[in-house]
S.K.: 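Dropping the structure in here first, questions after.
Side chains are part of it too, since the values below use all heavy atoms of this structure and drop only hydrogens, waters and symmetry mates. In what follows, every chain begins at residue 1, and chains take the letters A, B, ... in the order their sequences are listed.
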2 protein chains.
Amino acid sequence: MSQLTIEDIARIAGVSRSTVSRVLNGQPNVRPSVRDRVQEVINSYGYAPQAAARQLVMRKTRLIGLILPDNAHHLFGNPIFAEIARGVSQVCAQRGYTPMLFIGRQDMNEATFFSLLRGRHFDGVILISSDRQDRSAAMLREAGMPYVRVGHDPEDDGDLQYVDVDNVAAARVAVEHLIALGHRRIAMLKGLAKDVCTHARLEGYRQALAAAGLPFDEALVGDGDWTPASGYAWTRRFLDLPEPPTALFSSNDMMVAGVVRAVQERGLTVPDDLAIVGFDDLLQTTMIFPELTTIRQPCVEMGTCAAELLLDQLEHNRRERVQIILPTALIIRQSCGYCRQAVQASASAPAVSGEEQRAG
Amino acid sequence: MSQLTIEDIARIAGVSRSTVSRVLNGQPNVRPSVRDRVQEVINSYGYAPQAAARQLVMRKTRLIGLILPDNAHHLFGNPIFAEIARGVSQVCAQRGYTPMLFIGRQDMNEATFFSLLRGRHFDGVILISSDRQDRSAAMLREAGMPYVRVGHDPEDDGDLQYVDVDNVAAARVAVEHLIALGHRRIAMLKGLAKDVCTHARLEGYRQALAAAGLPFDEALVGDGDWTPASGYAWTRRFLDLPEPPTALFSSNDMMVAGVVRAVQERGLTVPDDLAIVGFDDLLQTTMIFPELTTIRQPCVEMGTCAAELLLDQLEHNRRERVQIILPTALIIRQSCGYCRQAVQASASAPAVSGEEQRAG
DNA sequence: TTGTACGCGTTATCAG
DNA sequence: CTGATAACGCGTACAA
């Protein structure tokens, strides 16, 4: 039976609960011979303390919740979440915590979600979301749950600690690269409007155009939704324009898959007929369309940073404001056309944009 | 403070703990006026019972663990897991349970994982894995944790309850479709050898060839690993063969992305130079390569089935053997060439293969 | 209908 | 170094 309690183990080993507890938690002050005997019993019965009982007295679960934008397939659909989760997981394991991905929020009402938070299942939460409609940040605060956010909304200063990249600067670098290559009609594929980074990347696009004295043309901006399907649909529209773009900046790599399909379908080629820069640098995209020039996001590092911030917050009661902006990099491949000058240009305007800054 | 206990609420509302508890759990035998007053206090203070304390006495967490093959990015990489999770989530929410995706196992040693299981964090677990090297099924049993498996290994009869599709039959139908279209040199892309379904799908391929009197040619079988990259690499090798295949059956849809790229790179086209049938019917593939003929797996339904099985097991102590084999369907699009005859042929050999069977 | 008292399995405190 | 014993917060018979 798995109904064994610490009491049972104690009886079998011929000691008291206290001693078993000490062995369990690696405390000193146990005679080696006794420790060995107790450990022996523990192992042979496969005993492990019941989490709930321990949590009740410890007031800690050593569980970290991972919360993603409200929609599960969206979540899985984009591999960057997996990368971030990987970073979180590494740090958690290293420091003795267990990360749990919270799924099924879309099948649950707000009150239930809130109760779950208040139930103190988790010591802390890492919220991966740049969705400004997402109420989870506010609920986390209301529930008094320590959390660190990956991505954030500059207009909502409620997030005490967050990790993000400089989306404006990154997008600007991407578009500047295209401009440096001589492109003057550059299309832009946006992500979903609810995500803050969508607007930031658009802003970077605008800034790059403005700096080069190029006009901002509404007709060249497509309302994507992060999926290949939207990339496909918008590219067709762009190519149908009286004066079609010669280059395109996509707010993420996934949409590029659709872009490429639309281009090829017309008998056109990348980069000759349409130069492309993406965003994310997904491994998966690399496999489907290997020569994509793109902005690399340090996903794993965003995860490790967030986790370290959170665990420090929990263990040392750090409650200061901390904002970490991680650097991105322009990865130049062939989807913009090989061009030595361009590489040099982007070297003078450094390929790595953004800067890490820790505000105490 | 969120340190409020049921005792505090009781004091504030001017009643006893018991009454608050009754209100909390929706029990009868509480005077309506009292109930309202207590509920008011609960709401205004945002009180929620502490999970650990409740779990300790109830001996239930109402949490369901979701465990996937040991590797997290693998997991996110393939959207079928997300679909299955969606099904699980729906049923759990409906029946008052909360599903949690267990991540980070790859950063954790076996002993830690085992302790976690014995710690009774979850009332039950849904294991999504056709990996025969994966020891989690055995550990789940050893830990005495109720679980239902999605996918299984016929050589390991330890799984009491599982949900799966008939991979052999599904693959056979796929290859028969190609044969019916007149193809005689049909390549096959396998998945990873550690996954049981890889072998099952190969077996289906063999059966279809044998039934048609076609030879089995080792040179036409590629050792894929589920990723587009492997599809790309193997297709290049296939096309380099002295007598290249005219058709290809891929063990999953993701690899097809690489296959298509390799074909197009040679200036060839699908389906004229290479007819393709995939497996899974991913929404994502549909967007990248819309005309893929493929085998549809009922992913969401696999999730709902598994969850219902598990919750029944928990609530009604069902411990009988249950194996559910869900039907797959051949979805005919254009990657094999449009062919009325073929559609008819596949209609006589019904498009829906497999059958649901419940063994008590 | 409401309140009292006990137990759930563990850790922490304090004597021995 | 070891063993009693008191919490931890909640649910629930049982008593009022």
S.K.: Restricting to side-chain contact (heavy atoms from CB on, under 4.5 Å), what partner residues turn up for A/L160, sequence neighbours left out?
M.R.: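 A/R319, A/R321.
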
S.K.: Residues two or more places apart in sequence or in another chain: which of them pass side-chain hydrogen bond (donor to acceptor under 3.5 Å, both in side chains) with A/E308?
M.R.: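 Checked A/E308 against side-chain hydrogen bond (donor to acceptor under 3.5 Å, both in side chains); zero matches.
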
S.K.: Go through the structure and list residues passing salt bridge (charged side-chain N to carboxylate O under 4.0 Å, His left out) with A/R59, not counting sequence neighbours.
M.R.: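 Listed in chain order: nothing, the list is empty.
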
S.K.: Could you list the residues that satisfy salt bridge (charged side-chain N to carboxylate O under 4.0 Å, His left out) with B/D153, not counting sequence neighbours?
M.R.: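 For B/D153 the salt bridge (charged side-chain N to carboxylate O under 4.0 Å, His left out) partners, ignoring immediate neighbours, are B/R132.
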
S.K.: Please encode protein proximity along nucleotides 3-13 of chain D as a string of B, S and -, counting only heavy-atom distances under 4.0 Å.
M.R.: BBBB-BBBSB-

S.K.: Could you tell me whether B/R86 and B/E83 make a salt bridge, using a distance below 4.0 angstrom between a side-chain N and a carboxylate O?
M.R.: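 A salt bridge is present here (some side-chain N lies under 4.0 Å from a carboxylate O).
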
S.K.: Kindly state each residue pair satisfying ring-ring contact (aromatic ring centres under 6.0 Å, His included) with at least one member in residues 131-157 of chain A, sequence neighbours excluded.
M.R.: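 Residue pairs with at least one partner in residues 131-157 of chain A: A/H152-A/Y162.
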
S.K.: What does the inter-axis angle of the helix from C/dT1-D/dA16 to C/dG16-D/dC1 come out as, five pairs per end, nearest 10 degrees?
M.R.: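 Inter-axis angle at the termini of the helix from C/dT1-D/dA16 to C/dG16-D/dC1: 40°.
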
S.K.: Could you list the residues that satisfy side-chain contact (heavy atoms from CB on, under 4.5 Å) with B/Q27, not counting sequence neighbours?
M.R.: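 side-chain contact (heavy atoms from CB on, under 4.5 Å) check on B/Q27 returns B/R22, B/N25.
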
S.K.: Using the side-chain hydrogen bond (donor to acceptor under 3.5 Å, both in side chains) criterion, which residues pair with A/R35? Sequence neighbours excluded.
M.R.: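 Per chain and number, A/R35 pairs via side-chain hydrogen bond (donor to acceptor under 3.5 Å, both in side chains) with no residue.
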
S.K.: Reading DNA chain C from 5' to 3', where do the contacts with chain B start and stop? Cut-off is 4.0 Å to heavy atoms.
M.R.: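 In short, chain B contacts DNA chain C from C/dT1 to C/dG9.
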
S.K.: List in chain and number order the residues that pass side-chain hydrogen bond (donor to acceptor under 3.5 Å, both in side chains) with A/Q55, two or more places apart in sequence or in another chain; answer none if no residue qualifies.
M.R.: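 With neighbours one apart ignored, the set is B/H121.
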
S.K.: For B/E110, give me all partners under salt bridge (charged side-chain N to carboxylate O under 4.0 Å, His left out), at least two apart in sequence or on another chain.
M.R.: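 Counting only residues at least two positions away or on another chain, B/E110 forms a salt bridge (charged side-chain N to carboxylate O under 4.0 Å, His left out) with B/R135.
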
